[in-house]
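These notes concern the structure reproduced below.
Proteins come first, then strands; the chains are lettered A, B, ... in the order of their sequence lines, and each starts at number 1. We use all heavy atoms of the structure for the numbers below, so side chains are in, but hydrogens, waters and symmetry mates are not.
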Number of protein chains: 2
Amino acid sequence: MQRDTAQRRAIRQVLLEAKRPLSPQEILAGARALTPNLGIATVYRTIKELAGTGWLAPVELPGEAQRFEVAGKSHHHHFSCRVCGRVYQMDGCPADLERLVPAGFSMEAHEIFFYGVCGPCHPKR
Amino acid sequence: MQRDTAQRRAIRQVLLEAKRPLSPQEILAGARALTPNLGIATVYRTIKELAGTGWLAPVELPGEAQRFEVAGKSHHHHFSCRVCGRVYQMDGCPADLERLVPAGFSMEAHEIFFYGVCGPCHPKR
DNA sequence: ATAGATGCAAAGGGTTTGCACTTGA
DNA sequence: TCAAGTGCAAACCCTTTGCATCTAT
């Protein structure tokens with residue numbers, strides 16, 4: 001990650017302008033508008049390095065392809081609305097996660113997904 | 001799913017005896033102890049049908065291959081070991097999950113994944 | 001007997017890698 | 001200049017599919 005190439009500029013720009021996490025193929029399509037000869041291998045190599053430096057954060061939803069978004073948000077989880085499909089960010093964590101880990105195991109990270117109905121989708125009562 | 005073949009008996013038995021969700025490759029390895037000529041294609045075809053009938057429940061970890069466990073178990077979550085790749089079942093839940101849901105939202109389900117190092121993979125102290 | 005089931009191998013789809021060429025510094 | 005970076009294609013890995021063979025009923 002030493003040189004500032006046109007390909008890397010394009011990939012970073014596409015990710016910065018995106019309003020949602022992008023898949024490698026989406027990054028490729030977007031960045032080719034700026035550097036037409038861009039190859040998929042360069043996209044993978046670049047996002048791997050960007051994720052390594054912490055500039056990019058992987059967004060992995062169960063059963064879906066891996067996506068990436070520009071990092072910088074604080075630790076959070078996600079709430080998926082089964083009515084509208086929107087995904088909300090939820091700050092905070094359960095206090096007693098460690099309690100659930102068996103003796104001898106060490107927890108290094110966790111991921112939580114909530115499913116339900118969001119406020120806007122709730123019928124007014 | 002009309003015939004009771006040796007291959008299907010072996011696949012079901014391996015899944016019944018497992019205490020954790022198994023990947024297709026793990027199922028293949030286990031079932032080959034019972035039917036040595038078993039092919040991976042049969043494993044995929046069988047788990048697809050077993051999942052369709054509800055006998056198997058898919059366990060989808062973010063960014064990992066799909067696994068399967070026999071359905072009907074009580075509520076639990078999963079721990080993924082980053083060293084050996086095995087996935088363990090973990091009973092219990094955080095007590096204060098509802099606290100994290102914003103007002104106006106209703107939580108209907110949740111999914112939690114733990115990542116770390118499992119007991120067997122820990123260096124002896 | 002015969003349609004369902006299997007095993008093999010080939011085909012797909014997504015990701016990674018080897019290598020010669022290109023290019024930023 | 002010259003090593004980091006790139007593009008292409010081949011290699012990989014996992015999963016699905018085509019097809020001839022096998023087998024439970």
* Hey, could you give me each pair passing salt bridge (charged side-chain N to carboxylate O under 4.0 Å, His left out) that has a residue in residues 15-31 of chain B? Not counting sequence neighbours. => B/Arg20-B/Glu26, B/Glu26-B/Arg67
* Should the pair B/Arg12-B/Asp4 be classified as a salt bridge under the 4.0 Å nitrogen-to-oxygen rule? -> yes
* Who passes salt bridge (Lys or Arg N to Asp or Glu O under 4.0 Å) against A/Arg3, sequence neighbours left out? -> none
* Structure fact -> With sequence neighbours left out, the residues meeting ring-ring contact (aromatic ring centres under 6.0 Å, His included) with B/Phe114 are none
* To do: Measure from CG on B/Leu38 to C1' on C/dA9 and round the result to the nearest Å.
  => 16 Å
Between the protein and nucleotides 10-13 of chain D, are there any N/O to N/O pairs under 3.5 Å, and if so, what are the atom names and distances?
none

* Mind jotting down which residue pairs meet the side chain to side chain donor-acceptor pair (under 3.5 Å) criterion with at least one end in residues 104-118 of chain A? Sequence neighbours excluded, please. => A/His75-A/His110, A/His77-A/His110, A/Ser106-B/His122, A/Glu108-B/Arg82
* D/dG7 OP1/OP2 closer than 4.0 Å to side-chain N/O of A/Gln7 -> yes
Would you give me the side-chain donor-acceptor pairs under 3.5 Å for residues 29-38 of chain A, sequence neighbours excluded?
| from | atom 1 | to | atom 2 | distance (Å) |
| --- | --- | --- | --- | --- |
| A/Arg32 | NE | A/Leu38 | O | 2.8 |
| A/Arg32 | NH2 | A/Leu38 | O | 2.8 |
| A/Thr35 | OG1 | A/Ala31 | O | 3.3 |

* Sequence-aligned protein contact record of nucleotides 16-25 of chain D, with B where the base is within under 4.0 Å of a protein heavy atom and S where only the sugar-phosphate is -> BBB----BBS
* Whole-Å distance separating the CG atom of A/Leu34 from the P atom of D/dT6 -> 14 Å
Would you list the atom pairs, donor with acceptor, under 3.5 Å between side chains in residues 48-57 of chain A and any protein atom, with sequence neighbours excluded?
| from | atom 1 | to | atom 2 | distance (Å) |
| --- | --- | --- | --- | --- |
| A/Thr53 | OG1 | A/Leu50 | O | 2.9 |
| A/Thr53 | OG1 | A/Trp55 | N | 3.3 |

* Residues from residues 16-30 of chain B sitting under 4.0 Å of DNA chain C, heavy atoms only? -> none
* To do: Send over the distance from B/Gln66 CD to C/dG14 P, rounded to a whole Å.
  => 16 Å
* Asked: Can you list the residues that meet the side-chain contact (heavy atoms from CB on, under 4.5 Å) rule with A/Asp96, with sequence neighbours excluded?
  -> A/Pro94, A/Arg99, B/Pro94, B/Ala95, B/Asp96
* Can you tell me the distance, in whole Å, between the CD1 atom of B/Ile11 and the P atom of C/dA5? => 12 Å
* Asked: When you check the phosphate oxygens OP1 and OP2 of C/dT6, does a side-chain N or O of B/Arg8 lie under 4.0 Å from one of them?
  -> yes
* Structure fact -> By ring-ring contact (aromatic ring centres under 6.0 Å, His included), A/Phe113 pairs with (sequence neighbours left out) none
* In whole angstrom, what separates A/Met1's CE from D/dT6's P? -> 8 Å
* Structure fact -> To the nearest angstrom, the CD1-C1' distance between A/Ile47 and C/dG14 comes to 12 Å
* B/Phe68 side chain reached by B/Leu22 side chain, heavy atoms, under 4.5 Å -> no
* To do: Report the residues that fulfil salt bridge (Lys or Arg N to Asp or Glu O under 4.0 Å) with B/Arg86, sequence neighbours left out, ordered by chain and then residue number.
  => none
